[in-house]
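This report refers to the structure that appears directly beneath it.
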Amino acid sequence: MDLIKMTAHELKDKLESKEISSVDITKSYIDRIDKVESSVNAYITLTTTQALARAEEIDDKRAKGETLGSLAGITIGIKDNMCTKGIKTTCASKMLEDFVPPYNATVIDKLNNEGAVLLGKLNMDEFAMGSSNENSYFHKTMNPWDLTRVPGGSSGGSAAAVAANEAVFTLGSDTGGSIRQPAHYCGVVGMKPTYGTVSRYGLVAFASSLDQIGPLTKDVEDMALVLNAITGYDKLDSSSYNKKYEDFSENLKKDIKGKKVALPKEYFSDGIQPEIKEKVIDVAKKLEELGAIVEEVSMNMTDLALPAYYLISSAEASSNLARYDGVKYGYRAKNYDNLVDLYKQTRDEGFGKEVKRRIMLGTYALSSGYYDAYYKKAQQVRTLIKNEFDKVFEKYDIILTPTGPSTAFKIGEKINNPIEMYMNDICTVPINIAGVPALSMNCGFDSNNMPIGVQFISKAFNESTILQMAYAYEQNRDLPNITPQI
């Protein structure tokens, strides 16, 4: 049996029936990492020695009949912007190259409590700023479907690790599409939960009002399993929403007959690759066959989402990244003349080009004389976009769109054109602005055999309906039986 090709729920069943052990799984994944990691470059830091020790500990507990968590023995990877006690957390930046946190992010504690086995920390765009994973200080991650193409960003390492079978599932963070867009490029399932449902405590901040942690998995059933483990109120996070959360696996397999699906025409404009439009329309037709009602709608604010997002996110990044000054922690320049020069030299040497670009944009938008013209106006547009989503959800259960305007592009193809790079987020940023949940999953392949993602969006705290619709589609989709040949 090929353990690395199994889903988390399949492995969980075999572990509980004692057909396999956690050590078996961990060794299989370590062997896989040894075989393909030099080609994929999904990880920044590997913790395979600790992983084996952890797997042995879980197997011992299972043998003694102790109660174990829902993910006991399942091997995972974590995006390198979530704090892990005693393990480097670099944010793929020179600024934090040697930073070892003294505490865990809340999601790490939750996964540890459920018995997950950490294989390592995953590559990303520096400080989560990017759409291609080409902005990492350490190395570029490759798309397992075609090693000459990008895996997407900023959670490119998280998506590539799942696609290349280097982890059973991973966690990423999504500020403007940074889970869903890599999921689209790499043909896996990726979800941005409702803002406030998963604690951000211990997530290194990019844009605090937009950032959200979420899973990348092999299938929708795994997504429900992982969401159950990481969702919940956290008093350490002031943006965490205090409510009782349902079991996402419970209603997963229910009939979708009568569910109403909206197709917003603005998401099918001329800027969307024709093959992507065709595949997403095919998804809508399949949902209709399963009993859903599909109707076209208009969302006129869509074109304003991208400029609003880049103003808001850059402004918040400018504020959040001000702490990296060479004094408190992180990188410090070696040669400087005075305190101000220390700040300048440290930030010049420690930050990459894209991070500096966004800090400058954000600082400008927040500066005297420009705040009202840019940042305040962007926040007003944000309210209009949220209201538009709320209005659609008064009538519809789901909004169905492409996840991105194109499939994965060649490495280096857009790196020198930031505006073209930013356009890759056009289908995903409105969701973060509105604070609602969305899931991307594979719905086919283009003429180059690169994956195409479809995006399921719903109202706040309605993850269950997204999962139910996505699961129904997944169980009935007709896709070619192809996998990354790596």
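Index from 1, following the sequence.
Every pair passing side chain to side chain donor-acceptor pair (under 3.5 Å) that includes a residue from residues 449-466 is listed here, sequence neighbours excluded: Arg180-Gln455, Thr194-Glu463, Glu246-Ser464, Thr401-Gln455, Ser458-Asn462, Asn462-Thr465. Residue pairs meeting the side chain to side chain donor-acceptor pair (under 3.5 Å) criterion with at least one member in residues 251-263, sequence neighbours excluded, are Asn251-Lys254.
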Return a table of donor-acceptor pairs under 3.5 angstrom between the side chains of residues 205-213 and protein atoms on other chains or two or more places apart.
unit_1	atom_1	unit_2	atom_2	d
Ser208	OG	Asn320	ND2	3.1
Ser209	OG	Glu316	OE1	3.2
Ser209	OG	Glu316	OE2	2.5
Ser209	OG	Arg382	NH1	3.0
Ser209	OG	Arg382	NH2	3.3
Asp211	OD1	Thr175	OG1	2.6
Asp211	OD1	Ala207	N	3.2
Asp211	OD2	Phe206	N	3.0
Asp211	OD2	Ala207	N	3.2
Gln212	OE1	Gly196	N	2.9
Gln212	NE2	Val198	O	2.9

Distance-only check: which donor-acceptor pairs under 3.5 Å involve side-chain atoms of residues 215-226, not counting sequence neighbours?
unit_1	atom_1	unit_2	atom_2	d
Thr217	OG1	Asp219	O	2.8
Lys218	NZ	Ile4	O	2.5
Lys218	NZ	Met6	O	3.2
Lys218	NZ	Tyr29	OH	2.9
Lys218	NZ	Asn165	OD1	3.1
Asp219	OD1	Glu221	N	3.4
Asp219	OD1	Asp222	N	2.8
Asp219	OD2	His9	NE2	2.8
Asp222	OD1	Ala8	N	3.2
Asp222	OD1	His9	N	3.0
Asp222	OD2	Ala8	N	2.7

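Qualifying salt bridge (Lys or Arg N to Asp or Glu O under 4.0 Å) partners for Glu289, counting only residues two or more places apart in sequence or in other chains: Lys286. Residues that satisfy the ring pair (Phe, Tyr, Trp, His ring centres under 6.0 Å) test with Phe445, not counting sequence neighbours, are Trp145. Here Asp325 pairs with Lys328 under the salt bridge (Lys or Arg N to Asp or Glu O under 4.0 Å) rule; sequence neighbours left out. For Glu16, the salt bridge (Lys or Arg N to Asp or Glu O under 4.0 Å) partners two or more places apart in sequence, or in a different chain, are Lys12. Checked against side-chain contact (heavy atoms from CB on, under 4.5 Å), Thr483 has the following partners two or more places apart in sequence or in another chain: Gln485. Remark: Asp247 pairs with Asn228, Ser249, Glu250 by the side-chain contact (heavy atoms from CB on, under 4.5 Å) rule, at least two apart or across chains. For Tyr241, the ring pair (Phe, Tyr, Trp, His ring centres under 6.0 Å) criterion is met by Phe461, not counting sequence neighbours. Here Lys27 pairs with nothing under the salt bridge (Lys or Arg N to Asp or Glu O under 4.0 Å) rule; sequence neighbours left out.
Here Asp174 does not pair with Lys192 in a salt bridge; the nearest charged N to carboxylate O distance is not below 4.0 Å.
A cation-pi arrangement is absent between Lys235 and Tyr233 under the rule of less than 6.0 angstrom and at most 45 degrees off the ring axis.
Contact record, Thr403 with Ser440: OG1-OG, 2.9 Å, taken as the closest heavy-atom pair.
No more than 12 heavy-atom neighbours from other residues, nucleotides or ligands sit within 6.0 angstrom of NZ on Lys5.
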